[in-house]
Amino acid sequence: MLELYGETLSSRLLLGTAQYPSPAIMADAVRASGCEVVTVSLRREMAGNRTGGRFWELIRELGVRVLPNTAGCHSVKEAVTTARMARELFGTEWIKLEVIGNHDTLQPDVFGLVEAARILSDDGFRVFPYTTDDLVVGERLLEAGCGVLMPWCAPIGSARGPINVDGLRAMRGAFHDIPLIVDAGLGRPSHAAMVMELGFDAVLLNTAVAKAGDPVAMAEAFGGAVEAGRKAFLAGPLEPRDMAVPSTPVIGKAVFE
Ligand SMILES: CC(=O)[C@@H](O)[C@H](O)COP(=O)(O)O
């Protein structure tokens, strides 16, 4: 079971709701994945004038928890205002906080992120900060009131998978009792399994499912991979070795060379 801000979840996969071929396919993908939390971009949906439309209806019908996000916000002010609007609209204190600092990589502005996290935590929000794999920034976010960290594994939408495995390992080691959700840049179910095998608590992804040839089948594949990775982590995987280690006993061999 995964516990996030006092809520218990059985699925360790969180899905984004953008970029699907249609809202109906999005809904089928969410169901197929088994996920219990979806993230919704308030700015994107309002800009598309979809408020009150079929999209929201489907989200409600899915019966999943909504994690509104501040995707597309480039300043503290914008992110804080968007978070407050999301709280009104969805009636939740949960907010996935994004403060983007670079247009090309969509890398978080970690200084703005810490500032916005402090403002929102002081205001009663439960903040899920989209951050880099920087340990010092992680510390600052916890000091600012965050109870969850969401390090990236690659730039949003890049589908590259973990580009700094050592950085992710270090995060896991440093914050062993804090829920860590790998967010963004996952491309394949094997990427999700890999980070779960490292001991991460959950993954959040969007593009790899929404833009797949068959989003529903891909969502199911990611759901399975997350479960497999978690099971493998709990089962205690072997550390890789440099040299061969015979798996067949040499005792009883007829001829020794
Ligand atoms: C939906 C959302 O919140 C994205 O901003 C998130 O970071 C996912 O990234 P990918 O689309 O790379 O999976």
Side-chain angles (χ1 to χ4, degrees), residues 4 12-21 23 25-27 29-30 33 35-48 50 55 59 62 64-74 78-79 82-83 86 90 92 94-110 112-113 116-117 126-133 141 148-164 168 180-196 200 202-212 215 218-219 221-223 225-226 229:
L4 299 173
R12 291 172 181 271
L13 173 63
L14 292 79
L15 274 186
T17 53
Q19 307 185 79
Y20 288 83
I25 293 177
M26 178 274 293
V30 170
S33 74
C35 87
E36 295 165 321
V37 178
V38 296
T39 182
V40 175
S41 162
L42 190 70
R43 275 183 97 231
R44 192 181 296 119
E45 297 313 324
M46 288 182 90
R50 289 158 74 178
F55 177 78
I59 295 280
L62 284 169
V64 292
R65 185 175 247 284
V66 174
L67 171 62
N69 69 58
T70 64
C73 293
H74 286 76
E78 207 183 353
T82 304
F90 295 104
T92 176
W94 282 20
I95 189 75
K96 182 188 161 204
L97 182 61
E98 286 187 23
V99 183
I100 299 301
N102 182 281
H103 286 277
D104 296 327
T105 61
L106 298 181
Q107 182 168 348
D109 166 0
V110 293
L113 182 70
R126 305 286 189 217
V127 180
F128 293 69
Y130 165 62
T131 184
T132 58
D133 49 26
L141 287 165
V148 173
L149 297 175
M150 302 184 83
W152 68 350
C153 81
I156 293 172
S158 69
R160 292 177 64 187
I163 52 176
N164 182 9
L168 288 177
L180 295 183
I181 303 172
V182 172
D183 174 16
L186 293 160
R188 289 157 193 260
S190 55
H191 297 154
M194 183 187 176
V195 296
M196 292 303 292
F200 280 83
V203 299
L204 188 152
L205 60 112
N206 187 165
T207 311
V209 166
K211 295 294 213 185
M218 189 59 84
F222 266 102
V226 167

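First listed ligand is number 1; within each ligand, the first listed atom is number 1. Note that this is a predicted model, so its numbers are computed, not measured. Computed over heavy atoms, backbone and side chain alike; hydrogens, waters and symmetry mates excluded.
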- Message: Testing the basics here: between Cys153 and Gly185, what is the closest heavy-atom pair and its distance to 0.1 Å?
- Response: SG-C, 3.9 Å
- N/O separation below 3.5 Å, Asn206 to ligand 1: yes
- Item | Closest to atom 5 (O) of ligand 1 among Gln19, Glu98, His191 (heavy-atom distance) | Glu98
- Query: Taking C-beta and beyond as the side chain, do Leu141 and Val110 meet within less than 4.5 Å on heavy atoms?
  - Reply: no
- Sequence neighbours excluded, the answer for side chain to side chain donor-acceptor pair (under 3.5 Å) partners of Ser190 is none
- Task: Pull out every atom of ligand 1 sitting under 4.0 Å from any heavy atom of Leu205, numbered as shown with elements.
- Result: 13 (O)
- Would you indicate whether the side-chain heavy atoms of Glu98 and Ile156 approach each other to under 4.5 Å? yes
- Could you tell me whether ligand 1 has any atom less than 4.0 Å away from a heavy atom of Gly185? yes
- Heavy atoms of Ala29 and Leu15 approach each other most closely as O-CD1, 4.2 Å
- Task: Can you see which heavy atom on Leu186 is nearest to which on Ala208, and at what distance?
- Result: O-CB, 3.4 Å
- Task: Could you pull out, from Val182, Asp183, Val40, Asn69, the option with a heavy atom nearest to atom 6 (C) of ligand 1?
- Result: Asp183
- Message: Tell me the contacting part of Thr39 for ligand 1: side chain, backbone, both, or neither, using a 4.0 Å heavy-atom threshold, strictly below.
- Response: side chain
- Which ligand 1 atoms are under 4.0 Å away from a heavy-atom of Thr207? 10 (P), 11 (O), 12 (O), 13 (O)
- Looking at residues at least two apart in the chain, or sitting in another chain, which of them share a salt bridge (charged side-chain N to carboxylate O under 4.0 Å, His left out) with Asp133? none
- What atoms in ligand 1 come closer than 4.0 Å to a heavy atom of Lys96? 2 (C), 3 (O), 4 (C), 5 (O), 6 (C), 7 (O)
- Measure Ala184 to ligand 1 on non-hydrogen atoms and call it side chain, backbone, both or neither using the 4.0 Å cut-off. both
- Does ligand 1 have any atom sitting under 4.0 Å from a heavy atom of Gly157? yes
- Side chains of Gln19 and Thr207: donor-acceptor distance under 3.5 Å anywhere? yes
- Item | Ile156 neighbourhood, listing ligand 1 atoms whose heavy-atom distance to it stays under 4.0 Å | 5 (O), 7 (O), 9 (O), 12 (O)
